[in-house]
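Notes to accompany the following structure.
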Amino acid sequence: MKRYLFILLLISIAMSCSQKSAQMSGNPVFEGWYADPEAIIYGDEYWIFPTTSEVTGPDGKAYIPDRETKAINKSYNAQTYMDAFSSKDLVNWTKHSKVLSIENISWLEYALWAPSVIHANGKYYLFFGANDIQNDNEYGGIGVAVSDKPEGPYKDALGKPLISSIINGAQPIDQFVFKDDDGSYYMYYGGWRNCNMVRLSDDLLSIIPFEDGEMYKSVTPDQYVEGPFMMKRNGKYYFMWSEGGWGGPDYSVAYAIADSPFGPFNRIGKILQQDPDVATGAGHHSVFTLPDGECYIVYHRRPLGDTEANHRQVCIDKMEFDENGYIKPVKITKEGIAARKLK
């Protein structure tokens with residue numbers, strides 16, 4: 001009898017392990033309307049910092065502003081805070097509410113979006129865009145907040161924007177902070193089909209000149225719209241960005257490969273786009289790169305048949321490379337990815 005019970009126990013454990021390994025994240029990976037996800041690994045945890053995808057009109061109802069025509073509006077008045085999500089296994093996510101909010105940014109009025117996060121100097125930094133400025137007469141741009149913990153609360157570190165002007169035609173939004181192997185910090189940013197690159201000081205609180213004395217370098221690739229992202233793999237710089245209209249089904253992600261963080265970034269092709277059988281408007285992404293080199297692309301998309309531009313959801317799928325180092329087109333799925341712990 002004891003032997004029989006022991007065998008049953010082993011079978012139960014084996015089945016439990018099998019079920020656990022077969023767990024999938026599902027897409028979306030967590031509930032709610034969120035966009036522009038920034039993915040990062042802190043220790044043994046996966047973190048996602050997204051934009052809260054909500055806007056309201058004068059009547060308090062949902063409103064779809066037109067960013068492409070640079071129409072001046074303050075309808076993003078519901079977007080005054082950011083949540084974050086953490087996970088040990090990419091499947092079970094914990095929500096951390098209002099890690100950054102209007103209470104901790106004195107100059108924020110509305111349109112808080114597209115976070116970029118990094119750990120440096122023993123602290124956690126969260127870069128953000130605010131106020132959706134349309135010209136240099138408006139006050140806003142890219143700011144930076146700091147916390148002692150990844151879950152916040154993050155507090156504005158400068159009391160003013162880090163970048164508040166429209167330079168080289170780039171609206172100061174959609175920033176991404178990248179640390180190179182030599183310890184240099186660069187930030188790529190820009191909307192309105194223009195992308196700039198700046199160099200950050202070691203404390204990440206100011207912009208410093210490049211070696212040639214320039215402060216802002218235009219690095220705009222062909223067909224760029226917004227949402228830049230940089231990663232380094234096998235000595236090559238993979239620069240990615242979003243194309244198409246953010247509120248339409250043609251939103252997508254393309255990429256380039258360069259030998260330098262300064263480019264040139266010659267467009268290779270699209271790696272992420274809608275699937276009419278799965279979802280539409282797949283774009284504005286980031287990437288989890290695991291210690292063994294495996295990559296997962298984190299992005300937002302809209303449910304099939306939903307034409308509300310702000311109904312965006314965060315999803316994760318595999319991102320793979322071919323034998324020559326080119327990125328294979330990503331297959332977007334409803335199942336997502338299998339559970340995987342970092343330790």
Side-chain angles (χ1 to χ4, degrees), residues 20-54 79-105 112-129 143-157 175-179 204 227 229 231 284-301 312-319 333 335-343:
K20 188 174 182 180
S21 64
Q23 271 190 310
M24 301 294 287
S25 67
N27 278 326
V29 292
F30 42 75
E31 294 182 358
W33 302 125
Y34 293 98
D36 317 327
E38 168 83 345
I40 195 165
I41 293 172
Y42 287 142
D44 63 349
E45 286 188 318
Y46 303 93
W47 284 81
I48 296 177
F49 293 77
T51 296
T52 302
S53 189
E54 296 179 8
Q79 289 182 244
T80 57
Y81 68 93
M82 288 177 175
D83 298 328
F85 298 83
S86 63
S87 175
K88 294 278 192 179
D89 60 6
L90 294 170
V91 172
N92 302 290
W93 292 88
T94 299
K95 180 178 178 179
H96 306 273
S97 298
K98 293 190 175 183
V99 296
L100 177 65
S101 65
I102 193 170
E103 292 81 8
N104 289 326
I105 308 171
L112 179 66
W113 55 32
S116 177
V117 297
I118 193 168
H119 181 249
N121 308 315
K123 295 189 178 291
Y124 297 87
Y125 295 77
L126 192 161
F127 292 77
F128 57 90
V144 55
V146 182
S147 174
D148 293 324
K149 300 179 293 184
E151 65 270 28
Y154 289 82
K155 297 183 179 181
D156 182 22
Q175 63 292 323
F176 178 76
V177 176
F178 169 71
K179 183 181 182 181
L204 304 183
F229 178 85
M231 62 179 285
H284 202 129
H285 79 300
S286 55
V287 177
F288 281 127
T289 300
L290 276 63
D292 63 0
E294 187 165 2
C295 292
Y296 301 110
I297 189 166
V298 186
Y299 62 98
H300 74 240
R301 69 192 196 196
R312 297 172 290 181
Q313 299 172 310
V314 173
C315 300
I316 306 178
D317 281 301
K318 256 192 173 183
M319 190 177 84
T333 69
E335 297 79 19
I337 55 177
R340 178 167 178 185
K341 292 187 175 182
L342 289 162
K343 291 182 180 180

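These numbers were taken from a predicted model, which means no experiment stands behind them.
- Considering only residues two or more places apart in sequence or on other chains, Asp292 meets the side chain to side chain contact (heavy atoms under 4.5 Å, CB included) condition with Leu290, Glu294, Arg340.
- Here the closest heavy-atom approach between residue Ser97 and residue Asp83 is recorded as CA-OD1, 3.3 Å.
- For the pair Glu335 and Asn27, the minimum side-chain heavy-atom distance is 4.5 Å or more.
- Taking 4.5 Å as the limit, some side-chain heavy atom of Lys88 sits within range of a side-chain heavy atom of Glu45.
- Leu112 places a side-chain heavy atom less than 4.5 Å from the side chain of Ile105.
- Every ring pair (Phe, Tyr, Trp, His ring centres under 6.0 Å) that Phe229 has, sequence neighbours left out, goes to Phe176, His285.
- When all heavy atoms are compared, the tightest approach of Asn92 to Ser87 is O-OG, 2.8 Å.
- A distance of 7.0 Å separates OG1 of Thr51 from CZ of Arg312, quoted to the nearest 0.5 Å.
- For His284 against Gly227, the heavy-atom pair with the smallest separation is CE1-CA, 3.8 Å.
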Handout entry: Val117 vs Tyr42, side-chain contact (heavy atoms from CB on, under 4.5 Å): CA-CA, chis, key distance, verdict
Key = CA-CA 10 Å; Val117 297; Tyr42 287 142; 3.7 Å; yes
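- Atom-to-atom distance recorded for Ile337:CD1 and Met319:CE is 12.0 Å, nearest 0.5 angstrom.
- Within the 3.5 Å criterion, the main-chain N or O of Phe127 finds no donor-acceptor partner in the side chain of Ser116.
- Between Pro50 and Ala84, the shortest heavy-atom contact is CD-CA, 4.4 Å.
- Remark: Asp89 CG to Gln23 CD distance equals 6.5 Å, nearest 0.5 Å.
- Listed by chain and number, the residues in a side chain to side chain contact (heavy atoms under 4.5 Å, CB included) with Glu103 are Ser101 (sequence neighbours excluded).
- For Lys123 against Val146, the heavy-atom pair with the smallest separation is CD-CG1, 3.6 Å.
- Aromatic ring pairs are classed by plane angle as parallel below 30°, tilted from 30° to 60° and perpendicular above 60°; the pair His119 and Tyr124 is tilted.
- Applying the ring pair (Phe, Tyr, Trp, His ring centres under 6.0 Å) test to Tyr125 and every residue at least two apart in sequence or in another chain returns nothing.
- Side-chain N or O atoms of Thr333 include one that pairs as donor or acceptor with a backbone N or O of Gly336 at under 3.5 Å.
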Practice task
Under the side-chain contact (heavy atoms from CB on, under 4.5 Å) rule, what do Met231 and Cys295 come out as? Steps first, then yes or no, please.
Solution key: CA-CA 11 Å; Met231 62 179 285; Cys295 292; 4.0 Å; yes
Exercise for the section: Take His96 and Phe49 through the test side-chain contact (heavy atoms from CB on, under 4.5 Å) and record every step on the way to the result. Expected result: CA-CA 10 Å; His96 306 273; Phe49 293 77; over 6 Å; no
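- At least one donor-acceptor pair under 3.5 Å links the side chain of Ser286 to the backbone N or O of Pro37.
- For Gly43 against Leu342, the heavy-atom pair with the smallest separation is O-CD1, 3.9 Å.
- For the ring pair (Phe, Tyr, Trp, His ring centres under 6.0 Å) test, residues two or more places apart in sequence or in another chain that qualify with Phe128 are Trp107.
- The distance from atom CG of Asp36 to atom CH2 of Trp113, rounded to the nearest 0.5 Å, is 8.5 Å.
- A distance of 8.0 Å separates CD of Glu151 from OG of Ser86, quoted to the nearest 0.5 Å.
- Classification of Asp44 and Lys341 as a salt-bridged pair fails, no side-chain N sitting under 4.0 Å from a carboxylate O.
- In this structure, Tyr46 and Trp93 have tilted ring planes: the angle between them lies in the 30° to 60° band.
- Using a 4.5 Å cut-off on side-chain heavy atoms (C-beta onward), Leu204 and Val144 make no contact.
- Evaluation of the side chain to side chain contact (heavy atoms under 4.5 Å, CB included) rule for Asn104 yields Pro153, Lys155 as partners, not counting sequence neighbours.
- How far CZ of Phe288 is from CD1 of Ile316: 5.5 Å, rounded to the nearest 0.5 Å.
- The backbone N or O of Gln79 sits nowhere less than 3.5 Å from a side-chain atom of Glu54 that would complete a donor-acceptor pair.
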Problem - side-chain contact (heavy atoms from CB on, under 4.5 Å) between Phe30 and Ile48, intermediate numbers included - result: CA-CA 10 Å; Phe30 42 75; Ile48 296 177; 4.0 Å; yes
